[in-house]
Each structure stands twice: as C-alpha cells, then as structure tokens.
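Because the structure is predicted, anything quoted here is derived from the model rather than measured. Naming: A, B, ... by sequence-line order, numbering from 1 per chain.
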Amino acid sequence: MSKFYINTSIPYANGAPHIGHAIEFVYADVLARFARQSGATDVVFATGTDEHGSKIAEKALEQKITPQELVDKNSQAFKDLLKQLNISNNRFIRTTDKGHEERSQIIWKNISKDIYKNKYMGLYCVGCEEFVTETFAKEHNYICPNHNRPYDKIEEENYFFSLSKYTEQIKEAINSGSFKIIPDTKKNEIVSLLNEGLEDISISRPVDKLAWGIAVPGDKTQVMYVWFEALMNYITVLGYPEHEDFKKYWPADVQVIGKDIIRFHAAIWPGILLALGLELPAILYVHGFVNVDGQKMSKSLGNGVEPHEIIDTYGADAFRYYLMRHIPSYNDGDFTWDKFEAAYNNELANELGNAVSRVVAMVEKYQDGIVGEIPESEHDTFQYRDAITHCRFDRALDEVWEQVRGINQYIDTEKPWAIAKEGDAEHLREVLAYAVSCLLEIAEMLEPFMPETAIKIQNCFKEGLVAPLEHSLFPKKEA
RNA sequence: UGCGGGGUAGAGCAGUGGCAGCUCGUGUGGCUCAUAACCACAAGGUCGCAGGUUCGAGUCCUGCCCCCGCGACCA
C-alpha cells in the first residue's frame, strides 16, 4: 500500500551510546510503529553510525588502535542498544560501508557544478592543532589562551560547496510547509538564520592533515569533510542513485534529529538535495536534550546514566515510556532516578499494571476466567493520533493515561464486587467485558510506545478467556 | 552586543484577551476486585519586575531584571 521512510541521525561513533541516543531511537521507533499500525505496508526505518573524521582518528590514536577498530567496537555498541530498546529499524548504515563510500563519491560528482576550490585562510594554534574563528581570536588578542602563544596564519586549500545559492529555495520550502520543521520554535531559528543568508561551506580537508575520510573523487590530496559525507547516508542507505529502493522511498517522511545538529539538517542537507535535484524530506523533527539530574550529561561530572542500567532493572518498555512521556517532546528534559522510579511505580505499576491485574482477577474470581463477547471500544482516538502526527509523544501518552484512569474510575463507579454479591451475572459480565475492551484499546495505543506491554495485555484477553499473568506487568520496586 | 527560547502552586508543566489549570507531592474521607493498589474531596499561586492598551491581560504593547541555547573547519 503506502510507503514510509524514516531516519534517525547517525550517531558519531567516537564513544559509547548514552540516554540522548536512546531517546532519538525511541522517537523514531514510535513513529515507525505508528506508521505500520496506521496502514503503511512498506516501512524503511534506517539508522546507523557516522565513522569518519578527526575526532575518531585522534581517539583511535589515543587508544593505540586503528580508526577502523575503534568504529567497529563503537558501532556494535549502538547496535546492541537498538536491540535492548526493542527498536524496529530494518536498516543500519555505517559510513565506512563500501556502498556508502562509493555512493557518496557519486554524489560528489553529481553536484560538482556547485563545488569549487578555494584557499582557506585561518588562525591556527600549533599547540591545540586547531583553527579558531576570527571572533574568538580577537577576544583573546590573537593569542591562544591555552598555550599562550600567538596564532599562526595558515593557508589551506579546500573544496567549497555553493550553499549560499540555495538559501532562497530552502527558505521557500520551509515557509510553504513542503519541508516542515517541528517544533515551530526550531523552525523559527532556522528561518532567521536563512534570513541572514547562508555562506558557502568548506567540504574537504587536506589528506596530509586528516587521512580518515572518504577520498574526494579525482583528487588524492583531499578527503571529504565528515559532516558533508555523513549527511549523504540518508540516500546512500537506499542505494542512491540507481537502486529501486531509492526511487520508491525517497523523500523521507520524517527525519529525527537532536537540536545540536539542526543547521546541518535544515540548511546543508537541503542544499545538497537541491543541488542533486531531489526533493526535501517532508518533516524534520528536532528533539531536545536529556539532562541528568538537571545537568548536562558529562563524563567529568560523573553523572552519566547508562541506558542499559535502566533497561536491565526495569525493562525496555518502562524506559521507553519515561523518555516519551516525561521528556517534553518539544523541549529539553531531565532524567533522574527519583523521577523515573516515581513514574514507574505510580503510572506503570499502580495505574496501568494494577488496572490490568484487577480486571483479570475479577474475571477469574467471578466468571471462571470467561470474558464472553467483548464489545467494540468507542473512544475517540483523534487527540492521540493527532498528537503523534505532530510528534507530541508526551501528549499522546497523556491521552492514553486519560483512559487508564478512566478504567480505574469505571471500576470504582460500577463496583463489580457489589454486582457479584447481588448475583446479577449478566450485568456483571457486561461491566467486566467493557473494562476488557478498554484495556485492549489501550494496548493498541500503547503498541508504538511499549510494544512488549501491548502484547502482554492482548495475550491476557485472547479469545474471550483470561490468561492470567505469570508476573505483574510492572512489578513494584522498593525505592 | 546580534539572533532565538524561557521565567505560572513545593517540583515538573499546560494555558495567546473573558471567573488561574494538569500531573506528582501533601492532607482528609471512601472502597476492598487489585501490585498497601484504586476512587472522591481539599489545601497550596501578588502568573519575573515596572508601566501602558482594553469593559477586561499569564495572554497584546513598551522598558527592565534573571536563566538557557546559537552565532565554532568539535559531529
């Protein structure tokens, strides 16, 4: 029937995955699962790792291994995380894949009309081995604050991409909504950047300064700037230019990225696509950062929380739930163990888990486990669906929880235990069957967010019979 | 300094002109099917500050204060 193509950004493989990577995977997974549930039959959900560049070269040197060994190790760690989180991606691209390297060289050639060679003049500190901006240097009187020595003026020859000429087209695509940036606050940031006009960008490095990259076609002295080539993964993974998947799936329906890389995805990447004569993605969803204990995650602060620590204790679904409901979908959020445990105990164990278990218990106790005919649920799910369409995952779950609470209220109002005492079996059956239908509807809405939980709930009430849970859905943990 | 975002109950947030709301936490009451869970009610806010527009302002305008991003050839 219909196709759906979604990407996450591809994490830079210079270290281990953290919560920030986890949330991005889950965002995309919710959208992919929701698309499948809504009737998309052909879904490509791609993620991967970005593996070239100076940071990786340096890190490898530090650890006395080759860059390839380093990225092999780190890329695997991201694959492991995807599995732990139950992410339903069906592609995983590495920028060191041969296919990607060859295809990005084809892309380079195909946009060569917009590529020119130019001298780059920069202020360089030998101590830092780094270029600094004019403004930064000026602030420090042209003396490196780290090494207390004057910056050298260094001239380097690079290739440049004529990004500036695409400013208007990109602006037009954003303003017309054909390239939609969610949320609006992020869209506004980009529009104001575009209003100032984009500058051409350097897209290569001399190979004698940095060898760990993809060769520029026809010039052995240069490799592609890592970002330039990494962005191309979104079409090389589909087999640009000749593969039928590319023709079928491009443009992307959604690209999911973090707020730190918005410029690359809302300015440079559209520029590349326009130069190639390709359509822009339909939606760019920009999520915020996950802080830990109110502070930016940082190794030096030692406040990092490893995703697997959470998953090992509480399961993937609980973690997915926390990320999707308690990290604001349009903003930065905070992970703390206190908040996570509160959400787990109150919302998952007490409200949802207990709702399932009290319904199961009553059907067993009063009706020998027989539910009978289950009515169609008639709740209006428009708000829920609308929220997901707009990437308001937090609100979508609020909607689901309205119904979870609704069940608990319904049970308290109807008092099935009292009906049982009165002996009105048919009325009792209707009340419990209705509660079951609500739970099944909740399970369906939960599927994109908590796939395992959804299945567990559905398995309880298959075929009009109750299949008792071996364990509680969310066993309560002592704090 | 330039651009952008934000400052609403103890905490986290919603609310773009019409009696200040939600969740958690707190207190009181109810229920007993259930994971000591669930349900109801209540307390708690001079909506950053100062002016202005308006019959009426978290909501619009002006000025100011504070916090956070971006303005990097670090991905």
Side-chain angles (χ1 to χ4, degrees), chain A residues 9-15 49-56 58 95 120 122-124 128 130-136 154 156 158 160 183-193 195-196 201-206 209-210 225-228 230-231 258-264 288-289 291 294 296 325-328 330-334 336 338-339 342-343 345-366 394-395 398 401-402 405 407-420 428 431-432 435 469 471-477:
Chain A
S9 65
I10 52 174
Y12 198 57
N14 68 339
T49 40
D50 175 14
E51 309 188 353
H52 293 293
S54 54
K55 283 269 164 173
I56 287 191
E58 282 163 24
T95 57
Y120 172 77
L123 296 162
Y124 188 82
C128 305
E130 234 173 17
F131 284 102
V132 297
T133 55
E134 178 68 27
T135 346
F136 182 88
I154 287 204
E156 191 176 289
N158 286 179
F160 280 74
D184 279 340
T185 51
K186 294 294 184 288
K187 181 185 95 171
N188 295 341
E189 271 178 36
I190 285 300
V191 170
S192 82
L193 181 79
N195 284 337
E196 288 165 26
I201 54 163
S202 163
I203 55 169
S204 72
R205 294 300 312 274
K209 300 246 173 59
L210 171 68
Y225 171 47
V226 59
W227 256 114
F228 195 61
L231 288 165
K259 66 177 189 179
D260 53 331
I261 53 178
I262 184 167
R263 279 160 185 265
F264 295 94
F289 286 161
N291 298 319
K296 215 171 162 172
R325 186 160 190 216
H326 292 286
I327 306 297
Y330 284 4
N331 234 316
D332 290 355
D334 198 26
T336 69
D338 277 357
K339 285 180 185 171
N345 284 326
N346 297 330
E347 293 154 22
L348 295 178
N350 294 348
E351 291 183 324
L352 175 61
N354 184 51
V356 172
S357 100
R358 65 199 299 212
V359 171
V360 167
M362 285 190 280
V363 174
E364 286 185 304
K365 187 164 178 174
Y366 302 137
D394 47 359
R395 296 219 174 149
D398 285 346
W401 249 255
E402 283 292 313
R405 285 166 190 236
I407 287 191
N408 283 322
Q409 287 167 347
Y410 177 76
I411 294 170
D412 274 59
T413 310
E414 295 295 328
K415 301 183 175 55
W417 52 91
I419 304 175
L428 177 62
V431 167
L432 293 179
L469 289 158
H471 304 287
S472 303
L473 240 38
F474 298 100
K476 207 149 180 183
K477 314 261 183 195

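- Distances shorter than 4.0 Å separate some side-chain N or O of A/N346 from OP1 or OP2 on B/G25.
- Under the Watson-Crick or G-U wobble criterion, with both distances below 3.5 Å, B/G4 is paired with B/C68.
- The listed nucleotides are B/C74, B/C39, B/G25; the one nearest the side chain of A/D412 is B/C39.
- In this model, the phosphate group of B/A37 is approached by a side-chain N or O of A/K476 to a distance below 4.0 Å at OP1 or OP2.
- In this entry B/C74 has no Watson-Crick or G-U wobble partner, no candidate having both defining distances under 3.5 Å.
- Residue A/F474 has its side chain nearest to B/U35 when only B/G25, B/C38, B/U35 are considered.
- Closest contact between the side chain of A/R358 and the listed nucleotides B/A34, B/C31, B/G15 involves B/A34.
- Proximity of A/R405 to the phosphate of B/U23: a side-chain N or O atom is located under 4.0 Å from OP1 or OP2.
- Using P as the reference atom, B/C24 and B/A20 are 23 Å apart when rounded to the nearest Å.
- In this structure, a donor-acceptor pair under 3.5 Å is absent between the side chains of A/W401 and A/E347.
- Within the 3.5 Å criterion, the main-chain N or O of A/K339 finds no donor-acceptor partner in the side chain of A/H326.
- Under the 3.5 Å distance criterion, the side-chain polar atoms of A/D332 are matched with a main-chain donor or acceptor of A/F289.
- The phosphate of B/C38 has neither OP1 nor OP2 within less than 4.0 Å of any side-chain N or O from A/Q409.
- The side chain of A/S472 lies closest to B/U35 when the candidates are B/U35, B/C33, B/G5.
- A salt bridge does not link A/E189 to A/K259: none of the charged side-chain nitrogens sits closer than 4.0 Å to a carboxylate oxygen.
- To the nearest whole angstrom, the two P atoms, one in B/G48 and one in B/U16, are 15 Å apart.
- A donor and an acceptor atom sit less than 3.5 Å apart, one in the side chain of A/N354 and one in the base of B/A34.
- Distances were taken from every side-chain heavy atom of A/E347 (C-beta onward) to each of B/U23, B/C33, B/U35; the shortest belongs to B/U23.
- In this structure, A/M362 and A/E189 both approach RNA chain B, and ranking their closest nucleotides by distance from the 5' end singles out A/E189.
- Side-chain atoms of A/I201 and A/I203, non-hydrogen and from C-beta on, do get closer than 4.5 Å to each other.
- Atom name P, nucleotides B/U59 and B/U8: the rounded distance is 13 Å, in whole Å.
- With both pairing distances under 3.5 Å, B/A42 is matched to B/U26 as a Watson-Crick or G-U wobble pair.
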